> 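This is the structure, below, for whatever I ask next.
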Amino acid sequence: MYDSKSLHKERGSAKCFVCILASFVILCALLLVLASITRVREPRVKIRSATSNQITHNASPSSPSFNATIIIFISIDNPNFDVFAYENCSVSVLYAGVKIGDRPINGDKVSIRKTKEINVTVDLRSGDQVPVTANFSGDINSGRLNLTSYAKFTGTVRFLKIMNVKKSIQMACAMKLNFTSLVLQNIQCQ
């Protein structure tokens, strides 16, 4: 009934199908292992240090005020195996929840598994926005102000040159501005 040629053809086509199926399963397993090893991780941002090159202040109880120019040294660490490209953003400095300084940061890229360092100069002005309270007068008289800084970097990591993965990283740091040493001390970032 069956001749040997048709039986041989059926076995050959079955072997070909099994080989193609096995190749597909192996390829999927390799892609799954590769994806789990090289998953997209969150870049990290923090303040390395900060200094001030000028501070003027008025400690009179009736109208305390201060002006300062600070330089914040920020580092962005990219642990991924591809470039992290972030958009334009800004660094804000606050005293008692009130914004006293703001500086834009231009968008840029952080190379593969590298750390990018950014120096940001922010002019701080107490002006009318800071409510005159006993704490503000006391802080100016003590020569130290408790400040917080905030920045949010939004960007993308191109995963395996196939797709873009959006990532947002935030930096919130508390620090003390010392009027005499012109240094920002006790920098603690979350």
Side-chain angles (χ1 to χ4, degrees), residues 40-58 63-133 135-136 139-140 142-159 163-190:
V40 177
R41 296 183 189 135
E42 224 28 57
R44 294 178 294 275
V45 61
K46 67 178 180 177
I47 292 179
R48 289 186 307 111
S49 64
T51 61
S52 178
N53 54 11
Q54 69 179 46
I55 297 175
T56 58
H57 63 289
N58 178 7
S63 62
S65 65
F66 79 96
N67 294 326
T69 301
I70 62 172
I71 303 165
I72 301 173
F73 302 95
I74 299 172
S75 67
I76 303 173
D77 181 39
N78 180 16
N80 296 301
F81 287 98
D82 218 324
V83 174
F84 172 63
Y86 59 89
E87 302 164 359
N88 293 344
C89 64
S90 65
V91 172
S92 300
V93 179
L94 300 98
Y95 171 79
V98 177
K99 187 187 297 186
I100 57 172
D102 193 53
R103 183 63 173 218
I105 297 175
N106 293 329
D108 204 353
K109 295 179 180 181
V110 184
S111 297
I112 300 167
R113 300 187 61 82
K114 298 284 183 187
T115 300
K116 181 171 186 64
E117 296 180 356
I118 306 168
N119 300 339
V120 182
T121 302
V122 183
D123 293 322
L124 306 179
R125 307 281 179 252
S126 62
D128 297 333
Q129 63 266 29
V130 175
V132 178
T133 63
N135 289 345
F136 184 55
D139 286 347
I140 294 235
S142 73
R144 289 192 197 130
L145 285 179
N146 293 325
L147 303 175
T148 56
S149 64
Y150 176 80
K152 182 177 181 180
F153 293 84
T154 302
T156 57
V157 176
R158 189 166 173 132
F159 182 64
M163 64 181 184
N164 291 331
V165 178
K166 273 196 145 324
K167 290 291 181 182
S168 288
I169 51 176
Q170 296 181 18
M171 174 191 74
C173 300
M175 60 190 93
K176 291 185 182 196
L177 176 61
N178 190 323
F179 290 164
T180 54
S181 65
L182 302 178
V183 181
L184 282 110
Q185 303 169 322
N186 302 335
I187 299 173
Q188 297 176 349
C189 297
Q190 298 175 357

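Please read these numbers as outputs of a predicted model, since none were measured by experiment.
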> Measure across A50 and V183 and return the closest heavy-atom pair with its distance rounded to 0.1 Å.
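Shortest heavy-atom contact: O-CG1, 4.0 Å.
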> Please identify each residue that fulfils side-chain hydrogen bond (donor to acceptor under 3.5 Å, both in side chains) with E117, with sequence neighbours left out.
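If we apply the side-chain hydrogen bond (donor to acceptor under 3.5 Å, both in side chains) test to E117, skipping adjacent residues, the hits are R48.
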> For K116, give me all partners under side-chain hydrogen bond (donor to acceptor under 3.5 Å, both in side chains), at least two apart in sequence or on another chain.
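D108.
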> Could you give all pairs that pass the ring pair (Phe, Tyr, Trp, His ring centres under 6.0 Å) test and reach residues 102-126, with sequence neighbours left out?
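Applying ring pair (Phe, Tyr, Trp, His ring centres under 6.0 Å) to every pair that reaches into residues 102-126, excluding sequence neighbours, yields nothing.
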> With distance as the sole test, does R113 use its side chain to make a donor-acceptor pair with the main-chain N or O of P79 at under 3.5 Å?
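The answer is yes, because a donor-acceptor pair under 3.5 Å joins these two groups.
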> Checking N58 now: which residues fulfil side chain to side chain contact (heavy atoms under 4.5 Å, CB included) with it, not counting sequence neighbours?
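N58: side chain to side chain contact (heavy atoms under 4.5 Å, CB included) contacts with S60, S63, S65.
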> Between T121 and I71, what is the shortest heavy-atom contact and its length?
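Between these two residues, the closest heavy atoms are OG1-CG1, 3.9 Å.
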> Between CD1 of I100 and CG of L177, what distance do you get to the nearest 0.5 Å?
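With rounding to 0.5 Å, CD1 (I100) is 8.0 Å from CG (L177).
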> Under 3.5 Å, which donor-acceptor pairs do the side chains of residues 85-94 form with other protein atoms, sequence neighbours left out?
{"residue": "N88", "atom": "OD1", "partner": "G107", "partner atom": "N", "Å": "2.5"}
{"residue": "S92", "atom": "OG", "partner": "D102", "partner atom": "OD1", "Å": "2.7"}

> Which atom pairs, one a donor and one an acceptor, fall under 3.5 Å between side chains of residues 148-157 and the rest of the protein, sequence neighbours left out?
{"residue": "T154", "atom": "OG1", "partner": "S168", "partner atom": "OG", "Å": "3.4"}

> Could you pull out the closest heavy-atom pair between S52 and Q54, with the gap in Å?
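Closest approach of S52 to Q54: OG-O, 3.2 Å.
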> Going by ring-ring contact (aromatic ring centres under 6.0 Å, His included), name the residues that satisfy it together with F66, two or more places apart in sequence or in a different chain.
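With neighbours one apart ignored, the set is empty.
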> Any side-chain heavy atom of I55 within less than 4.5 Å of one from N67?
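Result no, sub-4.5 Å side-chain heavy-atom pair not found.
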> Please report the closest heavy-atom contact between I70 and L184, naming both atoms and the distance.
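Looking at all heavy atoms of both residues, the shortest contact is CG2-CD1, 3.8 Å.
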> I need the C189 SG to Q170 CD distance, nearest 0.5 Å.
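If I round to the nearest 0.5 Å, the distance is 12.5 Å.
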> Any donor and acceptor pair, going by atom type alone, linking the side chain of N78 with main-chain N or O of S111 inside 3.5 Å?
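Present.
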> Under a 4.5 Å cut-off applied to non-hydrogen side-chain atoms, are Y95 and L124 in contact?
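Y95 does not reach L124 side chain to side chain.
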> To the nearest 0.5 angstrom, please state how far the CG atom of N186 sits from the CE atom of M175.
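Interatomic distance, N186 CG to M175 CE, rounded to 0.5 Å: 11.0 Å.
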> When rounded to the nearest 0.5 angstrom, what is the spacing between CZ in F84 and CD in E42?
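Spacing of CZ (F84) from CD (E42) equals 8.0 Å.
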> Test of understanding: with side-chain hydrogen bond (donor to acceptor under 3.5 Å, both in side chains), list the residues that count as partners of R103, not counting sequence neighbours.
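If we apply the side-chain hydrogen bond (donor to acceptor under 3.5 Å, both in side chains) test to R103, skipping adjacent residues, there are no hits.
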> By side chain to side chain contact (heavy atoms under 4.5 Å, CB included), which residues pair with T115, not counting sequence neighbours?
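Scan of T115 (side chain to side chain contact (heavy atoms under 4.5 Å, CB included), adjacent residues dropped) gives S75, D77.
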> Kindly compute the distance separating OG1 (T51) from CD (Q185), expressed to the nearest 0.5 Å.
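Those atoms lie 12.0 Å apart.
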> To the nearest 0.5 Å, what is the distance between OG1 on T180 and CZ on R144?
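CZ of R144 is found 7.0 Å from OG1 of T180.
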> Taking only residues at least two apart or on different chains, which pairs with a member in residues 168-182 satisfy salt bridge (charged side-chain N to carboxylate O under 4.0 Å, His left out)?
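Sorted result for residues 168-182: empty, none.
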> If you take all heavy atoms of F136 and P64, which pair is closest and at what distance?
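Closest heavy-atom pair between F136 and P64: CE2-O, 3.2 Å.
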> Among all residues two or more places apart in sequence or in another chain, which pass the side chain to side chain contact (heavy atoms under 4.5 Å, CB included) test with V165?
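With neighbours one apart ignored, the set is V40, F159, M163, K167.
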> So, using side-chain hydrogen bond (donor to acceptor under 3.5 Å, both in side chains) as the criterion, who are the partners of D123 when residues are at least two apart?
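For D123, the residues satisfying side-chain hydrogen bond (donor to acceptor under 3.5 Å, both in side chains) (neighbours in sequence not counted) are T69.
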